[in-house]
Amino acid sequence: HNKADAMKKIFIFFLTVVFFITLFSCKKPAVKTYGRVLCKIGTVDITKPNQSKRRLKLNDVVKTGDSIKTGKNSSAIIQFADYALINLQENSAIIIESLDKIRVSKIALQTGTVLSKLKKLQRNEEYAVKTKTTTASVRGTVFSVNIQTDTSTVALESGSVEVSSTISPQKQLLTPGNAVDVSMKVKKKINIRETSKNENYTFRKIKEIPFVKNINNLKPDKVKAVSDKIKDILEKIEKSKPKAKKKTALRKLYESLGKKPLSIVYLKDGSIFKGYLGSTGNTYKLRTPTGNLTFPKGDIKNVKNFIPQY
């Protein structure tokens with residue numbers, strides 16, 4: 001019996017050692033995830049690998065390899081598992097390159113603007129949006145990526161984003177309230193600037209959209225209710241959009257001249273004129289929004305330069 005008991009203990013010890021070796025030596029496998037369409041406004045198309053293009057529908061499943069494109073005045077809100085939420089803005093296109101949550105979830109922006117909001121990811125997880133000129137890698141944040149012709153812009157509302165250039169070995173770590181513009185044509189240092197008023201307004205279109213729990217188990221009527229709620233949020237945001245200031249005729253003239261200062265011309269007879277002032281000998285020529293004026297040098301009492309506001 002003593003011998004049998006000893007053999008039994010050795011066998012149990014051996015199994016225990018094998019168990020722990022297996023447990024700690026094996027890497028955690030990638031978890032394949034997918035997205036679900038929570039809201040769709042206007043015309044949005046989806047193209048799956050080896051399939052023809054079709055209209056994107058509410059509650060559609062979005063997987064690796066899918067391409068999504070929005071039309072004018074259109075957008076799509078998509079949630080990926082429980083960790084990422086995106087708002088694809090109008091006239092935009094993306095390709096879902098990978099959705100391995102334990103490794104890297106990567107979206108390729110072809111054109112337009114994509115807004116992203118993430119919950120805090122784990123140490124071995126990463127989310128990235130890439131363009132022709134940049135890759136924006138994050139771990140938990142609210143940010144936007146935009147493409148205008150050959151320039152990519154990454155703007156950050158909260159969290160942190162590492163922006164790397166794909167055309168040079170440059171990297172910049174963005175902090176909240178900052179943005180970078182990277183051009184395909186100009187291979188210069190990535191300069192950080194403050195986010196614009198429009199960028200700060202646009203952030204709200206993703207920041208105020210709530211994550212939905214258990215999205216894979218939502219019934220159609222629940223998804224419809226979520227979609228209606230999102231549309232209400234977006235409508236309120238749209239109504240609060242700052243109205244663009246109407247440019248005055250003098251401001252338009254100033255910008256058409258490459259933002260050269262304009263002049264206020266005071267004549268000796270008490271008349272006052274505003275415009276772009278040039279001189280040829282004893283004659284001054286003033287370019288105004290309504291036409292050109294000329295004055296003899298002796299008729300001018302005083303001249304002051306100014307920059308016209310809106």
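Predicted model, so just to flag it, every value in this text is computed and none were measured.
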Anything under 3.5 Å between a donor and an acceptor, one on a side chain of residues 250-262, the other on a protein residue two or more places apart or in another chain? List them.
residue	atom	partner	partner atom	Å
Arg251	NE	Glu255	OE2	3.0
Arg251	NH1	Pro308	O	2.9
Glu255	OE1	Lys247	NZ	2.8
Ser256	OG	Lys252	O	3.4
Ser256	OG	Leu253	O	2.7

Between Lys213 and Asp82, is there a side-chain N and carboxylate O pair less than 4.0 Å apart?
no

Is the count of non-hydrogen atoms from other residues, nucleotides or ligands lying under 6.0 Å from Glu208 atom CD greater than 12?
yes

Salt bridge between Asp232 and Lys236, side-chain N to carboxylate O under 4.0 Å?
no

Out of Asn87, Ile209, Ile41, which one pairs with Ile230 under the side chain to side chain contact (heavy atoms under 4.5 Å, CB included) rule?
Ile209

Side chains of Thr131 and Ser152 only: does a donor on one sit below 3.5 Å from an acceptor on the other?
yes

Keeping Ser98 on the side-chain end and Lys106 on the backbone end, is there a donor-acceptor pair under 3.5 Å?
yes

Would you check if Phe295 and Leu286 make a side-chain contact, meaning some heavy-atom pair closer than 4.5 Å?
yes

Under 4.5 Å between side-chain heavy atoms, hopping through other hydrophobics if needed: is there a path connecting Val223 to Val44?
no

Is it true that a side-chain atom of Thr70 and a backbone atom of Asn91 form a donor plus acceptor pair closer than 3.5 Å?
yes

Residues Asp299 and Lys268 bridged, charged N to O under 4.0 Å:
no

Answer yes or no: is there a donor N or O on one side and an acceptor on the other, between the side chain of Glu90 and the main chain of Lys72, under 3.5 Å?
no

Minimum side-chain heavy-atom gap Lys304-Tyr266 below 4.5 Å
yes

Would you say the side-chain atoms of Ser263 pair up with the backbone N or O of Val265, donor to acceptor, closer than 3.5 Å?
no

Atom CD1 in Ile96, atom OG1 in Thr64: separation rounded to 0.5 Å?
8.0 Å

Under a 3.5 Å cutoff, is there a donor and acceptor pairing between the side chains of Glu126 and Ser137?
yes

About how many Å separate CD of Gln110 and OG of Ser92, when rounded to the nearest 0.5 Å?
11.0 Å

Any donor and acceptor pair, going by atom type alone, linking the side chain of Lys40 with main-chain N or O of Leu58 inside 3.5 Å?
no

Kindly compute the distance separating NZ (Lys57) from CD1 (Ile46), expressed to the nearest 0.5 Å.
10.0 Å

What do the steps show when you test Leu293 against Phe273 for side-chain contact (heavy atoms from CB on, under 4.5 Å), and what is the final call?
CA-CA 9 Å; Leu293 301 173; Phe273 298 95; 3.5 Å; yes

Is the side chain of Ser116 donor-acceptor paired with the backbone N or O of Phe143 at a distance under 3.5 Å, no angle test?
no

Between Tyr83 and Phe211, is the gap from one ring center to the other below 6.0 Å?
no

Answer yes or no: does atom NZ of Lys48 have more than 12 heavy-atom neighbours from other residues, nucleotides or ligands under 6.0 Å?
yes

With no hydrogens and no angle check, is any side-chain donor or acceptor of Gln79 less than 3.5 Å from a backbone partner on Ala81?
yes

Using side-chain heavy atoms (C-beta onward) and a distance below 4.5 Å, is Glu238 in contact with Leu234?
no

Of all the heavy-atom pairs spanning Leu109 and Ala93, show the shortest one and how long it is.
CD1-O, 3.5 Å

Might you point out which heavy atoms bring Leu88 and Thr113 nearest each other, and give the distance in Å?
CD1-O, 3.8 Å

Can a donor-acceptor pair be found, under 3.5 Å and without considering hydrogens, that links the side chain of Thr166 to the backbone of Thr133?
yes

State whether Glu97 and Lys130 are salt-bridged, where the test is any N-O pair (Lys NZ or Arg NE/NH1/NH2 against Asp/Glu carboxylate O) under 4.0 Å.
yes

Is Val62 close to Val37 at the side-chain level, that is, under 4.5 Å between some pair of heavy atoms?
yes

Can you tell me if Tyr276 has over 12 outside heavy atoms packed within less than 6.0 Å of its OH?
no

Salt-bridge present (Asp60, Arg54; N to O < 4.0 Å):
yes

Side chain to side chain contact (heavy atoms under 4.5 Å, CB included) with Val142: of Val161, Leu85, Leu156, Ile206, only one passes, and it is Ile206

Among Val303, Asn305, Ile264, exactly one meets side chain to side chain contact (heavy atoms under 4.5 Å, CB included) together with Leu277. Which residue is that?
Val303

Is a donor from one side chain sitting under 3.5 angstrom from an acceptor on the other, for Arg204 and Ser240?
yes

Starting from the C-alpha separation in whole Å, work towards a yes-or-no answer on salt bridge (Lys or Arg N to Asp or Glu O under 4.0 Å) for Asp45 and Lys69.
CA-CA 5 Å; Asp45 294 324; Lys69 186 175 183 179; over 6 Å; no

Sidechain-backbone polar pair: Thr202 side chain, Asn198 backbone, donor-acceptor under 3.5 Å
yes

Can you tell me if Tyr127 uses its side chain to pair, donor with acceptor, with the backbone of Lys117 under 3.5 Å?
no

Run the side-chain contact (heavy atoms from CB on, under 4.5 Å) test on Thr195 and Asn178 for me, step by step, so that the C-alpha distance in whole Å, both residues' side-chain angles and the decisive distance to 0.1 Å come before the verdict.
CA-CA 5 Å; Thr195 52; Asn178 289 315; 5.5 Å; no

Taking the side chain as every heavy atom from C-beta outward, state whether Lys301 and Asp269 have any atom pair closer than 4.5 Å.
no

